[in-house]
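This report concerns only the one structure given below.
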Amino acid sequence: MAKDKKLVEAITSMDTDFAQWYTDVVKKAELIDYSSVKGCMVIKPAGYAIWENIQNELDRRFKETGVENVYMPMFIPESLLQKEKDHVEGFAPEVAWVTHGGLNPLQERMCVRPTSETLFCDFYANDIQSYRDLPKCYNQWCSVVRWEKETRPFLRSREFLWQEGHTAHATAGEAEERTIQMLNLYADFCEEVLAMPVVRGKKTDKEKFAGAEATYTIEALMHDGKALQSGTSHNFGDGFAKAFDIQYTDRDNKLQYVHQTSWGMTTRLIGAIIMVHGDDSGLVLPPRIAPAQVMVIPIQQHKEGVLDKAAELRDILKKAGIRVKMDDSEKSPGWKFSEQEMRGIPIRVELGPKDIEAGKCVLVRRDTREKIECTLDQVAETAERLLQDIQKDMYARAKEHLESHISEVKSYAAFKDAVENKPGFIRAMWCGSEQCEVKIKEDTTATSRCMPLKEEAAVSDVCVCCGKPAHKLVYWGKAY
RNA sequence: CGAUGCGUGGCUCAGCUUGGUAGAGCGCUGCGUUCGGGACGCAGAGGUCGCAGGUUCAAAUCCUGUCGCAUCGACCA
């Protein structure tokens, strides 16, 4: 059919070229536009609204755990960045430098924050005096800049939006507790709100954050079987405290170093939503994060009464607490259907003269395309039920995809075969040496994603790479 | 930073080999007919061909330089 052909031209099929499919969806769903600066994107209303919903939901959850929002400067003097050795080595290659103020060279150059550990530490060093000042649980919503070589919308841009939480605690135990608490908060958010199942785990030393004692991560699996690190939570121990001299006086009048954490989630999550739920017709948004949950599309809207009735329907849905929009533009209905699908709006309501006469309307699920007829007086409850079903079903499908893309291997040959032929996570034992980790990466391009937090039965008792005794279970995979 | 590709109306591109003063489709504007899976007719608007030099009577086209963007690798959320 000619019409199908047009759709196919608009969005490349996932199976043909996943990377191109992703780019097409990002553009056709009008989430972003490219800007004139490489790697910096214009986030358009449809994309920003998703981010706002992510923000609102995360922010609410943070505050329930006692977190307060603050704002730090965006510039970091070079001397401040230099204070923690590992940290500066990790970030120096990708920071942007400000060298002039107006026409005059600065005495000391400053970088645009790639992350704000150093700023928070500098602040905490003065602000924290006594055990009574602890814990400090601050978070900031901001953008950061990392001068990436290769960029992709949402997944890796030179400037991206995120939140970074930075806490300071009296004891190592408290810091570890907060680190895990935030990791679980992230995971729950992904699963409950984004309908995106994740693997929770700890990073190996090689993969951990620059300057951290331990890094925890949630790893999601994209539709093409590649992993995406979707959120991280770091325990810094007292490393930064010692570098920045953040000390407090305890109850016994002794000076102690604080123990710190930091944790972050970014606009990359939008990329994850696209690649976990999207299909060949475009974006598919989980109802809980969708800016518009229902789109009302009038058919033959020029006919007497159609628009009025459609508006009435919209108002009923709105009153029921559903985020609803009506497309009364002069495009043809077919156009509007495609548009709604590309944008991933969970439910479309079709209403035309025939429906009005019969006192009915048609609801269409974005995820399954299933059509449900219902009487006009039942539209709100039908839509509410459908939204819940969609949210639940999307999670179930993503969960099924994740679980069916985990291979368990005992030998190196099987490992290589899995990387080649079974996209997804690979569960395999590891001896703990960085050598093996590097070798695996060189041989297969797969990296260690994480060591699962949850106790899982050992796959074998020897390292999948070197064959030496091993007791660490690692999830491996190709990653974005 | 390496490899590849691309810069021509808002978008996708043709034209470049062989130099002669810019085209198509889509989109946009107006009017009319349409409307249950990207409708159609008619009439319009819109481009110093990425930038800078050079060659030439004449450059989108040839030469030199330069900038930018995309995709793929190494590094990273």
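We name chains A, B, ... by the order of the sequence lines, and we start the count at 1 in each one.
- No contact: A:L228 has no heavy atom under 4.0 Å from any strand.
- Within 4.0 Å of A:Q301, counting heavy atoms only, lies no atom of the nucleic acid at all.
- Contact annotation for A:G264: no contact, since no heavy-atom pair falls under 4.0 Å across all strands.
- Contact annotation for A:T217: no contact, since no heavy-atom pair falls under 4.0 Å across all strands.
- With distances taken from any side-chain atom of A:R146 to the nucleotides B:C76, B:G37, B:G36, the minimum falls on B:C76.
- In this structure, A:K354 reaches the bases: a heavy-atom distance under 4.0 Å links it to at least one base atom across the strands shown.
- Phosphate proximity of B:U12 to A:K28: absent, as no side-chain N or O sits under 4.0 Å from OP1 or OP2.
- Counting any heavy atom pair closer than 4.0 Å across all strands shown, A:Q20 reaches no nucleic acid atom.
- Cation-pi geometry between A:R348 and A:F337 is met: under 6.0 angstrom from the ring centre, within 45 degrees of the axis.
- A:E341 contributes a side-chain N or O that forms a donor-acceptor pair with the base of B:G37 under 3.5 Å.
- When the P atom is compared between B:A60 and B:G50, the two are found 10 Å apart, to the nearest whole Å.
- Shown here is A:K202, whose NZ atom has no more than 12 heavy atoms of other residues, nucleotides or ligands within 6.0 Å.
- Heavy-atom contacts from other residues, nucleotides or ligands closer than 6.0 Å to NZ of A:K226 number more than 12.
- An OP1 or OP2 oxygen of B:G73 is reached within less than 4.0 angstrom by no side-chain nitrogen or oxygen of A:K478.
- Residue A:K27 is classed as having no contact, given no heavy-atom separation below 4.0 Å to the nucleic acid.
- The same atom, C1', is picked in B:G7 and in B:A14; the two are 15 Å apart, to the nearest Å.
- For A:P153, taking side-chain heavy atoms from C-beta onward, the closest of the listed nucleotides B:A74, B:G36, B:U71 is B:U71.
- Residue A:S332 places none of its side-chain N or O atoms closer than 4.0 Å to OP1 or OP2 of B:C35.
- Among the protein residues, A:T151 comes within range of the sugar-phosphate backbone only, with heavy atoms under 4.0 Å from sugar or phosphate atoms but none that close to a base.
- When heavy atoms are screened at a 4.0 angstrom cut-off, A:Y22 is found touching no nucleic acid atom at all.
- No more than 12 heavy atoms of other residues, nucleotides or ligands shown are found within 6.0 angstrom of CD on A:E177.
- Distance check on atom P: B:C49 versus B:G20 gives 15 Å, rounded to whole Å.
- Pair assignment for B:G10: B:C26, on the basis of Watson-Crick or G-U wobble contacts that are both within less than 3.5 Å.
- Under a cutoff of 6.0 Å and an axis angle of 45°, A:R146 and A:W162 form a cation-pi pair.
- Ring-centre distance between A:W147 and A:F91: not below the 6.0 Å cut-off.
- Residue A:R156 places a side-chain atom within donor-acceptor reach of the base of B:C76, judged by atom type and a 3.5 Å distance cut-off alone.
- Within 4.0 Å (heavy atoms only), A:E94 reaches sugar-phosphate atoms of the nucleic acid but no base atom.
- Across all strands shown, A:F160 has heavy atoms under 4.0 Å from base atoms, whether or not it also approaches the sugar-phosphate.
- Using Watson-Crick or G-U wobble geometry with both donor-acceptor distances under 3.5 Å, B:U71 finds its partner in B:A3.
- At the heavy-atom level, A:R158 lies nowhere under 4.0 Å from the strands shown.
- Nucleic acid contact for A:V362: base, since at least one base atom lies under 4.0 Å from a heavy atom of the residue.
- Distance from the side chain of A:K331 is smallest for B:C28 among the nucleotides B:C35, B:C76, B:C28.
- Nearest nucleotide to the A:S338 side chain, out of B:A74, B:G37, B:C76: B:G37.
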